[in-house]
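As structure tokens, the structure follows; a few thoughts come after it.
Numbers restart at 1 for each chain; the letters A, B, ... are given by sequence-line order, proteins then strands.
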Number of protein chains: 2
Amino acid sequence: MSRVSEDSGTAAKETTTERIPAALRREQILAAASRVFGERGYSGATTDQVAQAAGISQPYVVRMFGTKENLFLEVVARALDKLMTTFRETLAEHRPADDGDDADPLITRLGAAYVDLIDDRGILLSLMQAFITGHDPVIGAKAREGFLQIYRMLRDEAGFSPETIRDFLANGMLFNTLLAIRLPDIFEDDEAAEELMRCAFRGKLDVVLDASGVTWTRS
Amino acid sequence: MSRVSEDSGTAAKETTTERIPAALRREQILAAASRVFGERGYSGATTDQVAQAAGISQPYVVRMFGTKENLFLEVVARALDKLMTTFRETLAEHRPADDGDDADPLITRLGAAYVDLIDDRGILLSLMQAFITGHDPVIGAKAREGFLQIYRMLRDEAGFSPETIRDFLANGMLFNTLLAIRLPDIFEDDEAAEELMRCAFRGKLDVVLDASGVTWTRS
DNA sequence: TCATTTTGTAATCATTCGATTACATCATTC
DNA sequence: GAATGATGTAATCGAATGATTACAAAATGA
């Protein structure tokens, strides 16, 4: 559905850099940074890689965000915000209808909403990268805070039990994200990978594969 | 039970470096590297940090393993080997006894064996770090290969279905590892973190907290 | 039109880090 | 007890990288 960059092709470099309002350029950089950080992690990514992905020079990136750390923190904050918003929307549109049994239980719809986020690629990966950079005092604190923010929302707003949340986080989020990171690269190249991914994503498999940019033949 | 370094206190620096056979020194470096890489990731860790953790000079580390990449690859290979061995031992000691229903089902024992590995700290974290460094052509390939190796073992040797494996990997491994990475740092400091961890680890909670070196008051 | 602001880059600096070199010190063996 | 090899480090190099500076050029507005 919603792709990150609209004009100028798939994602990467522009040949001639046009003058664009700072606010818009800021969005472009954040979108590029989301992909690059999600892919390579905080310390693995360089400001120059972000700049190239945004079709802009490296000093511009640094000057607009002050430091690489600031840029990463804003990427993570936005990713978290997007995730929370998506979940809250799913909660809201679930409320009015029913009481009793669900044709489509809430947790299933939350899971589907989460998998849809893979379409944007950088969002979930950046969150994961932030969490795994937990040793850093600043980034780590933000990451843990965000993780628990999700937990509290699922508990207090969705009304789930700790056990249910645990299951949802493990099966619906972490597992899917980690699989979506790299296993698509060897899809149809390794029978075990294909088997596991088909089992994990089921109907949403095409979304995952499409988002990862892998070419594959529909079964 | 088994700690990484035996003599010279908890883990880190030695004041006077003694002459030690290369083979033994190699083990010390690998143990230190496992902790450092697990904590900070491949690109986040430096050879000097590994050297200091091993109580040795940085050039020695580089010369013994050639490159930082080689060192990391060997850390990951050993971690994977340890994990596979642990699982196979659990499988073996399960076989002879029963046929019919299990007092302690195999998957529960595998899960317990996995959580016990947290005691060593670096093992599971290094594997996780390797998998998240999937963009690197060499490291990524090894990580995916290792991940699928585990999958195949659970399928072919333990006889689990893809669905069962999916559940085991998500709940038993990924989730526990990610929680064990950083949430212990804020255990008893955040009610949500404490609640989630108590739910996730149950009887093994003390193992996780002990392994992370967090001081906490027993409930 | 010309001054000012906004948008952008080239050049470069300072630091970090993996790697190399050259050398020291201890152990072993003939 | 020199010769030889094994174990270890200090010094340093070169490349990578985040950050800074100084400048260019396009827009904006008087």
Side-chain angles (χ1 to χ4, degrees), chain A residues 7-8 12-33 36-37 39-75 129 133 135-139, chain B residues 7-8 12-33 36-37 39-75 129 133 135-139:
Chain A
D7 49 12
S8 83
K13 64 181 172 193
E14 349 241 312
T15 45
T16 311
T17 309
E18 290 177 22
R19 285 176 76 93
I20 286 178
L24 180 56
R25 190 63 89 183
R26 186 182 181 85
E27 297 303 315
Q28 292 181 345
I29 296 175
L30 282 168
V36 174
F37 280 129
E39 194 75 6
R40 319 181 79 99
Y42 174 65
S43 56
T46 71
T47 54
D48 193 57
Q49 287 166 350
V50 172
Q52 287 190 8
I56 214 174
S57 71
Q58 181 262 353
Y60 194 94
V61 172
V62 174
R63 197 181 46 185
M64 174 159 274
F65 291 91
T67 64
K68 177 185 173 184
E69 188 183 71
N70 276 346
L71 174 57
F72 184 64
L73 287 175
E74 183 145 350
V75 164
Q129 294 284 6
T133 316
H135 58 90
D136 181 289
V138 180
I139 295 171
Chain B
D7 48 13
S8 81
K13 63 183 173 194
E14 350 240 313
T15 45
T16 310
T17 309
E18 291 177 21
R19 287 175 78 93
I20 285 178
L24 180 57
R25 190 63 89 182
R26 186 181 181 86
E27 297 304 314
Q28 292 181 345
I29 296 175
L30 282 168
V36 174
F37 280 129
E39 195 76 3
R40 319 182 79 100
Y42 174 66
S43 55
T46 70
T47 54
D48 192 57
Q49 287 166 348
V50 172
Q52 287 190 10
I56 214 174
S57 71
Q58 181 262 353
Y60 194 93
V61 172
V62 174
R63 197 181 45 184
M64 175 158 275
F65 290 91
T67 65
K68 177 186 175 184
E69 188 183 72
N70 275 347
L71 174 57
F72 184 65
L73 288 174
E74 183 145 349
V75 164
Q129 294 284 6
T133 316
H135 58 90
D136 182 289
V138 179
I139 295 172

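At a threshold of 4.0 angstrom between heavy atoms, the contacts of B/T46 are confined to the sugar-phosphate backbone, with no base atom among them. Nucleic acid contact class of A/A51 (heavy atoms, under 4.0 Å, all strands): none. Residue-level contact check: A/A23 touches neither bases nor backbone, having no heavy atom under 4.0 Å from any strand.
A/I29 places its CD1 atom 11 Å from the C1' atom of C/dG8, with the value rounded to the nearest Å. One atom, CG of B/N70, and another, C1' of C/dA19, lie 13 Å apart when rounded to the nearest Å. A/L24 places its CG atom 14 Å from the C1' atom of C/dT6, with the value rounded to the nearest Å. Nucleotide C/dG8 holds its C1' atom 13 Å from the CD atom of A/Q28, rounded to whole Å. B/F37 places its CZ atom 13 Å from the P atom of C/dC17, with the value rounded to the nearest Å.
Considering only heavy atoms from C-beta on, B/T133 comes within 4.5 Å of B/H135 through its side chain. Using a 4.5 Å heavy-atom cutoff, the side chains of B/V50 and B/I56 are not in contact.
In this structure, C/dC17 and D/dG14 make a Watson-Crick or G-U wobble pair, each of the two defining distances being under 3.5 angstrom.
The distance from the OH atom of A/Y42 to the CD1 atom of A/I139 is 4.5 Å, given to the nearest 0.5 Å. With values rounded to the nearest 0.5 angstrom, A/D136 atom CG is found 11.5 Å from B/E39 atom CD. The CZ atom of A/R26 sits 12.0 Å away from atom CG of A/L24, with the distance rounded to the nearest 0.5 Å. Between atom CD of residue A/E27 and atom CD1 of residue A/I20 there is a gap of 12.0 Å, rounded to the nearest 0.5 Å. Taking CZ of A/R40 as the reference point, atom CD of A/Q49 lies at 4.5 Å (rounded to 0.5 Å).
Scanning residues 58-65 of chain B for heavy-atom distances under 4.0 Å to DNA chain C yields B/Q58, B/P59.
DNA chain D is contacted by both A/T67 and A/R19; A/T67 maps to the nucleotide lying nearer its 5′ end (nearest heavy atom per residue).
Chain A approaches DNA chain D over the interval D/dT17 to D/dA26, counting the first and last nucleotide 5' to 3' with an atom under 4.0 Å from its heavy atoms.
Under a 3.5 Å cut-off, the side chain of A/N70 and the backbone N or O of A/F65 do form a donor-acceptor pair.
The two residues A/K68 and A/A45 have their closest heavy-atom pair at NZ-O, 2.7 Å.
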